[in-house]
S.K.: 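Encoded as structure tokens, here's the structure I'll be asking about.
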Amino acid sequence: MVRDPAVDTVIEKWRTQWPEWPLAEPFVPPLHRERALAWFALRHELMRAAWGGTDPRPGEAKLAWWGEELHGWRKGAHRHPLGNVLQPLPAPWQNVSFGLPSLLAMRERAGTTDEALRVIEPFADSVAAVSETLFGNGRPTPTANVALGLLAERVLEGGDNAAPLEFLAKVEPHDPPLTAERAWATDLLARWPAPHDGAVAGRLHASLVRERLERFARGGKAERPLPAWRALFTSWRAARR
């Protein structure tokens with residue numbers, strides 16, 4: 001589907017993290033499938049830069065580079081392979097660059113879930129705006145919904161560095177590892193809205209994130225893919241809303 005080998009290489013990194021996507025992709029309108037792959041791969045690149053590793057400095061440098069790159073997309077130029085697919089599309093890419101500091105700020109523990117939602121809001125707002133441009137169907141996803149999905153990905157990506165202090169404060173010395181993170185996952189699930197708004201591609205991705213988060217909250221491994229039957233049923237249910 002994506003013929004540029006350099007684009008495929010970047011997208012493959014996201015596919016490795018989300019091998020369930022081929023089961024969800026048939027529900028995406030054909031004209032949106034390539035851009036959906038590239039968009040989710042871009043989000044993954046930005047989140048890994050912000051949250052990956054123990055030393056924040058390499059991630060800060062990567063996000064600074066991405067800020068310049070996204071500004072260039074607005075002017076018609078690009079250096080990153082994903083720009084081959086995304087840059088020609090008239091989305092508010094500059095807004096994404098403005099939201100990058102809030103993504104990086106999520107590397108630090110928030111005090112509460114509400115605080116984490118406030119911190120991530122600028123990036124979530126830019127994600128919602130771009131998604132509406134790429135896949136818009138007149139039912140834009142509310143920023144609050146996007147923010148919850150991003151925090152869920154923070155849980156799944158962040159291991160024991162993700163949970164706000166309010167959940168760490170409740171952990172007892174004898175509790176097993178990831179107790180605070182699983183408690184935070186449970187709190188996010190309690191706040192999760194029904195996926196009635198937004199385009200199909202975003203609803204499908206959010207539904208897979210939610211299913212993984214639910215399994216993690218119950219004691220599963222965050223990085224383990226969903227069983228094929230579960231991914232297919234989840235995708236079908238999200239697409240038909």
Side-chain angles (χ1 to χ4, degrees), residues 1-2 7-8 10-48 82 85-86 89 91 120 124 127-158 182 185-241:
M1 188 179 301
V2 178
V7 178
D8 279 334
V10 180
I11 287 176
E12 189 58 32
K13 291 192 292 183
W14 181 75
R15 284 185 180 275
T16 299
Q17 296 294 315
W18 292 95
E20 303 97 321
W21 186 250
L23 296 166
E25 189 174 52
F27 297 103
V28 178
L31 291 177
H32 289 171
R33 290 175 188 173
E34 182 180 28
R35 67 181 63 178
L37 285 170
W39 171 231
F40 294 138
L42 173 61
R43 288 176 43 171
H44 183 251
E45 289 287 309
L46 299 177
M47 288 187 286
R48 290 299 295 269
L82 290 176
V85 178
L86 296 174
L89 302 172
I120 201 72
V127 167
V130 169
S131 296
E132 172 60 16
T133 304
L134 297 182
F135 315 110
N137 61 353
R139 298 164 58 193
T141 306
T143 296
N145 296 23
V146 177
L148 279 169
L150 291 170
L151 293 185
E153 292 192 72
R154 178 68 178 124
V155 175
L156 297 175
E157 290 269 355
R182 297 192 200 282
T186 300
D187 183 52
L188 293 175
L189 290 165
R191 298 166 180 253
W192 206 281
H196 293 302
D197 297 316
V200 172
R203 295 206 310 269
L204 291 169
H205 180 257
S207 70
L208 295 176
V209 170
R210 188 189 189 284
E211 284 295 316
R212 277 212 200 174
L213 188 71
E214 195 169 63
R215 291 180 64 193
F216 175 72
R218 296 197 306 263
K221 293 184 178 180
E223 68 277 11
R224 180 172 295 174
L226 300 170
W229 69 268
R230 188 66 191 175
L232 183 61
F233 175 73
T234 297
S235 301
W236 170 80
R237 185 174 56 187
R240 66 190 290 268
R241 290 184 181 274

S.K.: Hey, do the aromatic rings of W21 and F40 have their centres closer than 6.0 Å?
M.R.: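 Distance test on ring centres: under 6.0 Å, yes.
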S.K.: What pair of heavy atoms forms the shortest contact from V200 to A239, and how long is it?
M.R.: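 For V200 versus A239, the nearest heavy atoms are CG1-CB, 4.4 Å.
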S.K.: If you take all heavy atoms of A185 and A217, which pair is closest and at what distance?
M.R.: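 Minimum heavy-atom separation between A185 and A217: CB-CB, 3.9 Å.
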S.K.: Determine yes or no for a side-chain-to-main-chain donor-acceptor pair under 3.5 angstrom, with R215 supplying the side chain and G220 the backbone.
M.R.: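 Checking the backbone N and O of G220 against the side chain of R215, no donor-acceptor pair under 3.5 Å is found.
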S.K.: Give a yes/no verdict on a cation-pi contact between R48 and W14, requiring under 6.0 Å between NZ or CZ and the six-membered ring centre and an angle within 45° of the axis.
M.R.: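 No, R48 does not sit over the ring of W14.
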S.K.: What closest approach, in Å, do S235 and L208 show between heavy atoms, and which atom pair accounts for it?
M.R.: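 Reported closest heavy-atom pair: OG-CD2, 4.0 Å.
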S.K.: Should P22 and R15 count as side-chain neighbours, where that means a heavy-atom distance under 4.5 Å?
M.R.: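 Yes, close enough: below the 4.5 Å cut-off.
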S.K.: If you apply the rule side chain to side chain contact (heavy atoms under 4.5 Å, CB included), what do you find for L150 with R43, and how did you get there?
M.R.: CA-CA 10 Å; L150 291 170; R43 288 176 43 171; 3.8 Å; yes
S.K.: Atom OG in S207, atom CH2 in W236: separation rounded to 0.5 Å?
M.R.: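 Between atom OG of S207 and atom CH2 of W236 there are 12.5 Å.
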S.K.: Any side-chain heavy atom of F216 within less than 4.5 Å of one from R182?
M.R.: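 Yes, side chains in contact.
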S.K.: Can you tell me how far apart OG1 (T186) and CZ (R218) are? Round to the nearest 0.5 Å.
M.R.: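 With rounding to 0.5 Å, OG1 (T186) is 10.0 Å from CZ (R218).
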S.K.: I'd like to know if the side chain of R35 and the backbone of V85 have a donor-acceptor N/O pair within less than 3.5 Å.
M.R.: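 Absent.
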S.K.: In terms of side-chain geometry, is the basic nitrogen of R230 or E20 positioned less than 4.0 Å from the acidic oxygen of its partner?
M.R.: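 Between E20 and R230 there is no salt bridge, as every charged N stays at least 4.0 Å from the carboxylate O atoms.
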S.K.: Side chains of F27 and L232, heavy atoms from C-beta outward: is any pair under 4.5 Å?
M.R.: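 Yes, at least one pair of side-chain atoms sits under 4.5 Å.
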S.K.: Is there a side chain to side chain contact (heavy atoms under 4.5 Å, CB included) between W192 and D187? Walk through the geometry before answering.
M.R.: CA-CA 9 Å; W192 206 281; D187 183 52; over 6 Å; no
S.K.: Looking only at heavy atoms, which two atoms of A91 and V130 are closest? And how far apart?
M.R.: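 Result for this residue pair: CB-CG1, 4.1 Å.
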S.K.: Tell me, do R203 and T141 make a side-chain contact under 4.5 Å, heavy atoms counted?
M.R.: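 Side chain of R203 against side chain of T141, heavy atoms only: no contact under 4.5 Å found.
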S.K.: Under 4.5 Å between any side-chain heavy atoms of V7 and L37, yes or no?
M.R.: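 Answer no - side chains too far apart.
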S.K.: State the CZ-CD distance between R237 and E211, to the nearest 0.5 angstrom.
M.R.: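 Separation between the atoms: 5.5 Å.
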S.K.: Looking only at heavy atoms, which two atoms of A152 and V209 are closest? And how far apart?
M.R.: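 That closest heavy-atom pairing would be CB-CG1, 3.6 Å.
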S.K.: Once you round to the nearest 0.5 Å, how far does CG of L86 lie from CG of L134?
M.R.: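 Those atoms lie 6.5 Å apart.
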S.K.: Check step by step if side chain to side chain contact (heavy atoms under 4.5 Å, CB included) holds for T133 and L89.
M.R.: CA-CA 8 Å; T133 304; L89 302 172; over 6 Å; no
S.K.: If I take atom CG from residue L204 and atom CG from residue L23, how far apart are they, to the nearest 0.5 angstrom?
M.R.: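 Separation between the atoms: 11.0 Å.
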S.K.: Looking at CD of E45 and CD1 of I11, how far apart are the two atoms once the value is rounded to the nearest 0.5 Å?
M.R.: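 Between E45 CD and I11 CD1, I get 10.5 Å after rounding to 0.5 Å.
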S.K.: State whether E153 and R212 are salt-bridged, where the test is any N-O pair (Lys NZ or Arg NE/NH1/NH2 against Asp/Glu carboxylate O) under 4.0 Å.
M.R.: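 Looking at E153 and R212, the cut-off is not met.
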S.K.: Under 4.5 Å between any side-chain heavy atoms of W39 and V127, yes or no?
M.R.: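 Sidechains of V127 and W39: in contact.
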S.K.: Between L156 and E223, is the side chain to side chain contact (heavy atoms under 4.5 Å, CB included) condition met? List the steps.
M.R.: CA-CA 7 Å; L156 297 175; E223 68 277 11; over 6 Å; no
